[in-house]
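Note that the numbering runs from 1 along the sequence shown for the chain.
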Amino acid sequence: TAVAASSTAFAAVLASSTAMAAVIASSTAMTAVAASSTAMTAVIASSTAMAAVAASSTAMAAVIASSTAMTAIFANSTALTTFKSSTALTVKTIPTMTSNTAPSGVASASSIYSISYDAWNAFNNASGYWIASSGVTTNSWVKYDFTVPVYIHTAELKNATSEAQCKDFLIECSTDDTNWTTALTGTQANNTTLQIRDVINAGKYRYWRLYCINSYNASYVGIDEMQ
């Protein structure tokens with residue numbers, strides 16, 4: 001912890017491939033580095049160090065669990081690119097859903113207009129979308145249960161041309177499907193352009209949902225696609 005907090009001491013660590021390799025391989029050491037803004041500033045300033053972090057499952061697990069590390073990485077475009085391209089951890093995305101439970105995971109929603117606009121349509125990568133009950137235009141959500149905790153760094157959202165027009169929204173995550181953490185807030189464009197956003201949030205969560213605060217449509221709220 002003392003080494004990570006000292007710019008001089010940590011610079012010496014970065015200058016030594018042996019020392020850096022030892023830090024990268026140690027979950028205890030990496031936890032200390034990830035929690036230190038001084039150490040993370042030094043790591044992201046070094047393409048070699050950042051590449052070493054991205055190549056290590058131990059190091060990636062430590063930085064993903066740290067809000068300090070996540071803030072530092074997302075503030076540096078070069079480091080962020082290296083981080084997102086890491087293959088040290090298993091990459092998991094929402095699959096192209098064909099029902100609320102197929103091919104894997106579970107899609108659900110606060111309400112649906114009809115079976116034709118069920119929750120899984122928000123994750124089907126095709127025509128069709130999720131719409132909440134008729135007349136509901138606020139405080140509605142569509143959710144995906146990964147069945148295991150996952151870390152998410154990017155969210156992709158697209159509105160439809162008519163009813164499924166979420167406006168102000170939250171991306172929320174939960175470990176127990178009861179207590180929710182806000183990972184991202186935003187306003188979706190009132191068009192069908194796919195919008196890609198960074199999710200600057202530390203930790204792994206099993207449940208992720210789009211919470212639509214309001215809608216561009218006077219009678220409905222929903223979303224075309226979410227990934």
Side-chain angles (χ1 to χ4, degrees), residues 64-65 67 70-71 74 92-101 104-227:
I64 284 172
S67 58
M70 287 293 91
T71 299
F74 275 82
K92 193 171 182 65
T93 59
I94 299 175
T96 298
M97 299 296 284
T98 56
S99 76
N100 280 339
T101 56
S104 64
V106 180
S108 60
S110 53
S111 67
I112 60 172
Y113 176 76
S114 72
I115 196 67
S116 298
Y117 300 96
D118 211 344
W120 66 272
N121 287 283
F123 312 108
N124 69 351
N125 287 315
S127 60
Y129 36 85
W130 161 69
I131 303 176
S133 296
S134 178
V136 175
T137 60
T138 61
N139 303 320
S140 299
W141 51 261
V142 62
K143 177 178 63 181
Y144 185 77
D145 172 9
F146 282 91
T147 72
V148 294
V150 301
Y151 167 77
I152 288 180
H153 58 62
T154 306
E156 300 180 4
L157 300 174
K158 182 166 76 75
N159 271 335
T161 57
S162 53
E163 296 91 349
Q165 296 177 314
C166 182
K167 186 180 179 181
D168 299 311
F169 69 87
L170 309 173
I171 297 293
E172 298 181 312
C173 47
S174 174
T175 58
D176 58 9
D177 203 21
T178 299
N179 300 291
W180 294 88
T181 296
T182 299
L184 175 68
T185 62
T187 300
Q188 187 68 6
N190 189 19
N191 56 47
T192 59
T193 301
L194 178 69
Q195 293 188 277
I196 302 174
R197 294 177 171 85
D198 290 331
V199 180
I200 310 173
N201 188 67
K204 295 182 178 182
Y205 298 85
R206 172 175 168 174
Y207 306 92
W208 290 81
R209 73 182 183 183
L210 169 69
Y211 189 97
C212 294
I213 298 171
N214 49 35
S215 174
Y216 288 106
N217 190 287
S219 302
Y220 307 95
V221 66
I223 197 76
D224 186 358
E225 289 295 333
M226 174 183 176
Q227 293 292 327

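Scanning both residues, Thr147 and Arg206, for their nearest heavy atoms gives CA-NE, 3.5 Å. Closest heavy-atom contact between Tyr205 and Thr175: CD2-CG2, 3.6 Å. Closest non-hydrogen pair, Val199 versus Tyr151, comes out as O-OH, 4.2 Å. In terms of heavy atoms, Ser215 sits closest to Asn217 at OG-N, 2.9 Å. For the pair Tyr211 and Asn139, the tightest heavy-atom approach, listed with the atom from each and the gap, is OH-CB, 3.2 Å.
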Pairs of donor and acceptor atoms involving the side chains of residues 178-186, under 3.5 Å and at least two apart or interchain, shall be tabulated with distances.
| residue | atom | partner | partner atom | Å |
| --- | --- | --- | --- | --- |
| Asn179 | ND2 | Asp176 | OD2 | 2.8 |

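Other residues, nucleotides and ligands contribute at most 12 non-hydrogen atoms within 6.0 Å of the OH atom of Tyr113.
Of the possible polar contacts, one joining the Asn159 side chain to the Ala189 backbone as a donor-acceptor pair under 3.5 Å is found. No donor-acceptor pair under 3.5 Å is formed between the side chain of Asn121 and the backbone N or O of Asn124. Checking side-chain atoms of Asp224 against main-chain N and O of Tyr129 turns up no donor-acceptor pair under 3.5 Å. With hydrogens and angles disregarded, a donor-acceptor distance shorter than 3.5 Å links the side chain of Tyr216 to the backbone of Gln188. No donor-acceptor distance shorter than 3.5 angstrom exists from the side chain of Ser140 to the backbone of Ser110, with no hydrogens or angles considered.
Rounded to the nearest 0.5 Å, atoms CH2 (Trp208) and NZ (Lys143) are 14.0 Å apart. The CG atom of Asn100 sits 11.5 Å away from the CG atom of Asp145 when rounded to the nearest 0.5 Å. In this structure, Cys212 SG and Tyr220 OH are separated by 16.0 Å, a value rounded to the nearest 0.5 Å. The distance from the OG1 atom of Thr98 to the CH2 atom of Trp120 is 6.5 Å, given to the nearest 0.5 Å. One finds the NZ atom of Lys167 at 11.0 Å from the OG1 atom of Thr137 (value rounded to the nearest 0.5 Å). One distance of note links OG of Ser111 with OH of Tyr117; it measures 14.0 Å at 0.5 Å rounding.
Using a 4.5 Å heavy-atom threshold, the side chains of Ile171 and Arg197 count as separate. Leu157 is listed as a side-chain neighbour of Leu210, based on a closest heavy-atom distance under 4.5 Å. Looking at Asn201 and Cys173, their side chains come closer than 4.5 Å, going by heavy atoms from C-beta outward. Side-chain contact between Met97 and Asn125: absent, with no pair of heavy atoms (C-beta onward) separated by less than 4.5 Å.
Take Thr193 and apply the side-chain hydrogen bond (donor to acceptor under 3.5 Å, both in side chains) test, not counting sequence neighbours, and it matches Asn191. Under the ring-ring contact (aromatic ring centres under 6.0 Å, His included) criterion, Tyr144 pairs with Phe123, Phe146, sequence neighbours left out.
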Side chain to side chain contact (heavy atoms under 4.5 Å, CB included) for Met226 and Phe169? Distances and angles first, verdict last.
CA-CA 12 Å; Met226 174 183 176; Phe169 69 87; over 6 Å; no

